[in-house]
Q: 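Following this message is one structure expressed as structure tokens.
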Amino acid sequence: MRRRTKIIIGVVVLVIAGAVTAGFVSQRGKDVTPVTFGKVQRQDLTSKVSANGHIDARRKVDLSANVMGQVINLAVREGDVVKKGDFLLQIDQKQLAASAQGADAALQAVFSDRDAAKATAIAADQDFQRAQRNFDQKIIPRADLDRARSARDSAQANVMGLEQRISQARANLAAANDTLSKTTMRAPMAGIVTALPVEEGEVAVIGTMNNAGTVLMTIADMSVVEAVMEVDETDIPSVKVGQHASVTIDAYPNKTFPGLVTEVASSPIKVNGVAPGTTQAVNFEVKIHVENPPPDVRPGFSVSADIITGTRPKALAIPIQALVVREKPGSAVGKPQDEEGVFVNQAGTVKFETVKTGLSGDSAIELVSGAKEGQQIVTGPFRALRELKDGAKVKELQEKDGTTTAAAGGGKELSN
């Protein structure tokens with residue numbers, strides 16, 4: 001065989017061997033899943049519930065019209081600070097003043113009738129006394145005595161009836177004066193006029209069973225400010241009265257204000273006056289007392305809050321993304337049960353270990369039982385976690401020069 005032929009054959013053999021080796025390595029690489037790693041380690045955990053809402057005063061009152069009439073004098077403007085008892089507005093009182101005068105005149109008339117009735121009763125009693133003496137002396141028959149007694153009793157009953165009419169007339173006069181007094185509106189408490197929907201000259205209408213009355217103005221006591229939050233139904237079980245919160249008011253973006261949960265609603269927030277249905281989000285109202293609010297804060301300002309629902313110092317924890325929820329092997333047909341766990345790395349091979357979790361932080365979750373401190377666990381990618389099985393081979397992903405390469409061996413630690 002010529003030398004040249006031998007060289008060609010040798011090159012061909014080397015090429016074929018290289019191809020076989022490359023194929024074997026390539027096939028072997030396909031059985032290894034690139035993943036990221038983290039560690040089971042201790043850290044401080046804080047569980048939060050985030051919600052949005054608005055600023056409101058703890059004490060506020062909507063002043064509505066108690067009498068119907070035209071607003072003839074409006075003494076305040078929106079934003080004015082008022083003290084308790086300050087004059088606010090005047091409703092036309094001419095008709096009601098006339099009614100009060102009529103009630104007073106009716107009372108005076110009854111007084112006069114009572115005086116006349118008393119005089120008649122005195123005269124009737126005197127006639128009866130004379131008739132009694134004459135009867136005793138057998139001057140008049142018993143029939144005349146009975147008539148005198150009847151006239152006396154009738155006159156006394158008339159006086160008693162007029163006394164009742166006086167009480168009635170006094171009540172009518174008091175009602176008329178009370179209605180008249182309601183035409184003058186004064187501040188029921190100190191605060192700020194936060195809403196003034198009426199103007200001088202408009203007619204105030206009182207409310208009925210089916211129609212709300214005219215709201216003349218709203219006064220809010222801004223000395224105690226609270227954030228009214230809307231919390232999702234899934235978070236409401238962990239929110240309790242007395243928990244601390246961090247409140248951010250959109251109008252003051254670079255400041256946070258401490259708060260305290262003061263009220264947690266038991267019923268969901270109604271949408272357009274109707275309880276939310278199954279297709280609507282169900283939210284509950286939570287009120288947070290805002291400590292040291294800005295002096296110029298106003299009702300209606302948008303706020304967001306983080307409610308601290310739990311803390312756990314030095315808790316054994318894992319990154320949240322490492323937690324895998326899968327169907328428990330051996331579950332009954334038609335009644336699958338889920339289990340939580342993590343994939344523990346054991347020298348490049350993973351093993352699924354069931355865990356029990358506790359408090360959830362922003363990026364980590366507490367381990368109550370299961371994996372041990374210091375163990376290396378798989379944290380991602382999500383698709384790899386979803387497809388991993390017990391005994392699968394893994395390698396760590398590393399980002400270098402914009403491309404992803406694999407490095408066998410240990411992984412880097414992911415912390416909260």
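These numbers were taken from a predicted model, which means no experiment stands behind them.
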Q: Side chains of V261 and I307: does their closest heavy-atom pair fall under 4.5 Å?
A: yes
Q: Sequence neighbours excluded, which residues qualify as ring pair (Phe, Tyr, Trp, His ring centres under 6.0 Å) partners of F135?
A: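 Ring pair (Phe, Tyr, Trp, His ring centres under 6.0 Å) list for F135, sorted by chain: empty.
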Q: Under 6.0 Å from the six-membered ring centre of F128 and within 45° of its axis: does the NZ or CZ of R152 meet both?
A: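 Output yes; distance and angle both within limits.
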Q: Do the side-chain N and O atoms of K395 and T33 include a donor-acceptor pair separated by under 3.5 angstrom?
A: no
Q: If we ignore angles and hydrogens, is there a donor and acceptor under 3.5 Å between the side chains of Q90 and T184?
A: yes
Q: Between V49 and S238, is there a side-chain heavy-atom distance shorter than 4.5 Å?
A: yes
Q: Report the C-alpha separation of S47 and T309 in whole Å, then their side-chain angles, then the decisive distance to 0.1 Å, and conclude whether the side-chain hydrogen bond (donor to acceptor under 3.5 Å, both in side chains) test is met.
A: CA-CA 6 Å; S47 178; T309 57; 3.0 Å; yes
Q: Determine whether V67 and L96 make a side-chain contact, defined as any pair of heavy atoms from C-beta on separated by less than 4.5 Å.
A: yes
Q: Kindly check if the number of other-residue, nucleotide or ligand heavy atoms within 6.0 Å of NE2 (H54) is above 12?
A: yes
Q: So how far is it from M185 CE to F87 CZ, rounded to the nearest 0.5 Å?
A: 10.0 Å
Q: Does the distance from a Lys or Arg side-chain N to an Asp or Glu carboxylate O, for K356 and E340, drop under 4.0 Å?
A: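 Result for this pair is no, no salt bridge flagged.
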Q: Take atom CE of M189 as the centre, draw a 6.0 Å sphere, and report whether it contains more than 12 heavy atoms from other residues, nucleotides or ligands.
A: yes
Q: Between V247 and I288, is any pair of side-chain heavy atoms under 4.5 Å apart?
A: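 Yes, at least one pair of side-chain atoms sits under 4.5 Å.
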Q: For I219, which of L88, D62, V81 qualifies under side-chain contact (heavy atoms from CB on, under 4.5 Å)?
A: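 Running side-chain contact (heavy atoms from CB on, under 4.5 Å) over L88, D62, V81 with I219 returns exactly one hit, L88.
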Q: Calculate, to the nearest 0.5 Å, the distance between atoms OG1 and CD belonging to T262 and E226 respectively.
A: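 So the OG1 of T262 and the CD of E226 are separated by 5.5 Å.
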Q: Does N345 form a side-chain hydrogen bond (donor to acceptor under 3.5 Å, both in side chains) with Q376? I'd like the steps, not just the answer.
A: CA-CA 6 Å; N345 181 29; Q376 191 178 57; 2.6 Å; yes
Q: Between D127 and R130, is the salt bridge (Lys or Arg N to Asp or Glu O under 4.0 Å) condition met? List the steps.
A: CA-CA 5 Å; D127 291 342; R130 283 193 296 270; 2.2 Å; yes
Q: If I compare all heavy atoms of F284 with all of E233, which pair ends up nearest, and what's the gap?
A: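 Minimum heavy-atom separation between F284 and E233: CE1-CB, 4.0 Å.
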Q: For Q168 and N172, what are the C-alpha separation, side-chain angles and deciding distance, and is it a side-chain hydrogen bond (donor to acceptor under 3.5 Å, both in side chains)?
A: CA-CA 6 Å; Q168 181 183 17; N172 291 336; 5.4 Å; no
Q: Could you tell me whether the side chain of K240 and the main chain of P237 form a donor-acceptor pair under 3.5 Å?
A: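 Between the backbone of P237 and the side chain of K240 there is a qualifying donor-acceptor contact (under 3.5 Å).
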Q: What is the distance from atom CG of L45 to atom CG of D362, rounded to the nearest 0.5 Å?
A: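 Rounded to the nearest 0.5 Å, the CG-CG separation comes out at 9.5 Å.
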Q: Report the C-alpha separation of S246 and D306 in whole Å, then their side-chain angles, then the decisive distance to 0.1 Å, and conclude whether the side-chain hydrogen bond (donor to acceptor under 3.5 Å, both in side chains) test is met.
A: CA-CA 5 Å; S246 177; D306 290 328; 5.6 Å; no
Q: Should F37 and I377 count as side-chain neighbours, where that means a heavy-atom distance under 4.5 Å?
A: no
Q: Does D146 pair with R149 as a salt bridge, N-O distance under 4.0 Å?
A: yes
Q: Decide yes or no for D250 and V303: does some side-chain heavy atom of the first lie under 4.5 Å from some side-chain heavy atom of the second?
A: no
